[in-house]
2 protein chains.
Amino acid sequence: MADTDRRKPGPRRALSEDAILEAALALLDVGGADAASIRRIAAAVGVAPNAVYTYFPDKGAVVRALVERLLGEVDHAVVDPGRPWQERIEALALDLRRRLVAHPGAVPLLLSGPMDGPAALALGELLLDALAEAGLDATAAARASYTLIVYVLGAIALEVADVPQPGPLAPEGERIAARRAAFAAVPAEAFPRTAAAADVMATYIGTEQYLWGLRRTLAGFVTPI
Amino acid sequence: MADTDRRKPGPRRALSEDAILEAALALLDVGGADAASIRRIAAAVGVAPNAVYTYFPDKGAVVRALVERLLGEVDHAVVDPGRPWQERIEALALDLRRRLVAHPGAVPLLLSGPMDGPAALALGELLLDALAEAGLDATAAARASYTLIVYVLGAIALEVADVPQPGPLAPEGERIAARRAAFAAVPAEAFPRTAAAADVMATYIGTEQYLWGLRRTLAGFVTPI
DNA sequence: ACCTGAACACCGTTCAAGT
DNA sequence: ACCTGAACACCGTTCAAGT
C-alpha cells in the first residue's frame, strides 16, 4: 500500500561497503570465524550472494577491510602524551586487547594476512613515538615495536583460541576457572613443573598475565644486555 | 594379473591415522591452510571421503592430531643441559621456528585451538626447567614461559601470514627484499617514523629480528622492575 | 571393523541477463 | 552501475548398506 516500503520487510536494504562489513562482524560475533560467509553476509543484508561482488572483488577483500576497520577503532586518545612511555604503551595494548577480544571471531582473521593498512601503520607510529622517548634509537625502536606487536597479537590470538565454541567470550574469571579444572588433569609424574604451576597456568589468558608479560618485555628493551 | 596389486594404482592404500596425517600435511604444504580438506585427504590416500571418519570423529580431530604431531617433532636434544639457560631457550625457539616455518600451511592451524596436548606440555616443561635455572620462582617461571610461548608463536604466525600465496616459503632474503619494496611506498608525511625505519621493518620476518625480540624478552625476565 | 554410494546443507565465484 | 538466477566446482558430515 504505502510505497515507502519498497520490497520485503527485514534487514534494512542499504547495500554498501559499510553495511556488508557490519553484517560480517555481526555474523562473526555470533558464529565465530567461519560464520562470515559471503552467502550469509548477503542474506543478512537482504541481497543475492553475488551482489557482494559489486563492492568487493573477493572474500579476502572483505576480510581485509574488516580488519582495517577494527584496527582503526582503537582509540588513539588513550595514549596521553603527558604520561611516561611505558604507561602509554600499556594503555594502547589494553585498549587493543579489549576491542579485539570483544570480537573473538574476528581475531583469527587478523592473523591471516599482513597487517599493512593505514590503521596498522598509525598504531606502529604511536609505538615508535613512545619507544623513541624511552631512549631507543630508530633501529632499536623499530625492533622493539615489532616485538610488542608480536606479543600483543600473539597473546590475543592464544586467548581467543583457548575457547572452542563461537560467540562472545565468557568473563575472564569463568574462563580461568574452566582452565583450572582442565589443568587439574595434568599428570604430575610426567610434567612435574607444569602440574605444580597449574594454578598460574589457569590464569594465562587473563589480564594479569597479559600485563606481566608486557611489562617484562618493556623492561627488556631498556636493560643493558 | 599378479594379485599383489589389489585395486587401482596410485597412492599406497595403507589407510591409517598416520597415512591420513601425512596426506594432510602434504596437502597443506602445497596448497596452504585450506587445502587439507577431508575430501582431498581421502582422495590422496585413495579412499572415499567418509572413510576418514573411521579414524577421526571430525575434521577438528584431524587438525588437532596434526598439530600434536608437529609439536612432537621438536628435537628436545637441542636443549643441552650443559649450556646456560638463555642458550637452551634460544635453541628451542629456533628449532621450533625452523620446523613450523617449513610447513607454513600448518601454522594457522596451531593458533586455531588450545595447545594442551602432551607435546605442548613437554615443551612447556623444558621452558620451566630453564627458567627455574634462571632463578625465577615457580610463579614467575610459569608467567615467563607463557610470555615466551606467546612471543614464539606470534612471531611465527606473523611471519607466515606475511606471505599471501600458499606453498613453501621463499628464502628469508627474498621475502625481506619483497617487504623492502613494499615499504618504500609508505608516505613519509603521514608516517614519518615508519618511513624512516622502513629498512628495519623489512627484516621483521627474519631470524635477526626473531632473536632480537627473544633476547630482549629473556633479559626482561631477570631485570629488576 | 572398515569402507562405499548417495545424499544433505552448505561454500566462493562466474556468467549472462536484466534494470 | 547495480543486482539477480542459475550454474560450477567445491565443502563437512550423515546414513544406510555392503563386506
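Residue numbering restarts at 1 for every chain, and letters A, B, ... go by the order of the sequence lines. Hydrogens, waters and symmetry mates play no part in the numbers below; they use all other heavy atoms, side chains included.
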(message) Nearest to the side chain of S37(A), heavy atoms from C-beta on, is which of dG12(C), dC3(D), dG12(D)?
(response) dG12(C)
(message) For the backbone of G206(A) and the side chain of E159(A), can you confirm whether one donor and one acceptor N or O come within less than 3.5 Å of each other?
(response) no
(message) Does this structure show an ion pair linking D18(B) with R69(B), if we count only N-O contacts that are shorter than 4.0 Å?
(response) yes
(message) Could you tell me if R143(A) and T203(B) have a donor-acceptor pair between their side chains, going purely by distance under 3.5 Å?
(response) yes
(request) Test L94(B) against L211(B) for side chain to side chain contact (heavy atoms under 4.5 Å, CB included), laying out the working first. (result) CA-CA 8 Å; L94(B) 283 172; L211(B) 283 175; 4.1 Å; yes
(request) Measure from the side-chain N and O atoms of R99(A) to the backbone N and O of L70(A), and report whether any donor-acceptor pair falls under 3.5 Å. (result) no
(message) If you count every heavy atom of other residues, nucleotides or ligands that lies below 6.0 Å from D75(A) atom CG, does the total exceed 12?
(response) yes
(request) Let me know the distance between CD of E17(B) and P of dA1(C), rounded to the nearest Å. (result) 15 Å
(message) Under a 4.0 Å threshold between the charged nitrogen and the carboxylate oxygen, would D129(A) count as salt-bridged to R88(A)?
(response) no
(request) Look at the side chain of R39(A) and decide which nucleotide, out of dT4(D), dT13(C), dC11(D), has an atom nearest to it. (result) dT13(C)
Within the sub-3.5 Å range, which N or O atoms of nucleotides 15-19 of chain D have a protein N or O partner, and how far apart are they?
{"from": "dC15(D)", "atom 1": "N4", "to": "N50(B)", "atom 2": "ND2", "distance (Å)": "3.3"}

(message) Under 3.5 Å for both pairing distances: what stems, at least three Watson-Crick or G-U pairs long, include DNA chain C?
(response) C:4-8 with D:12-16, C:12-16 with D:4-8
(request) Answer yes when R97(B) and E172(B) have at least one side-chain N-carboxylate O distance shorter than 4.0 Å, and no when they do not. (result) yes
(request) Examine R179(A) relative to Y204(A) and say whether NZ or CZ is less than 6.0 Å from the centre of the six-membered ring and inside a 45° cone about the ring axis. (result) no
(request) Strictly below 4.0 Å, heavy-atom distances to any atom of DNA chain D: list the hits from residues 51-62 of chain A, or just say none. (result) A51(A), T54(A), Y55(A)
(message) Looking only at the side chain of R40(A) (C-beta and beyond, no hydrogens), which of the listed nucleotides dT4(D), dC11(C), dT4(C) gets closest?
(response) dC11(C)
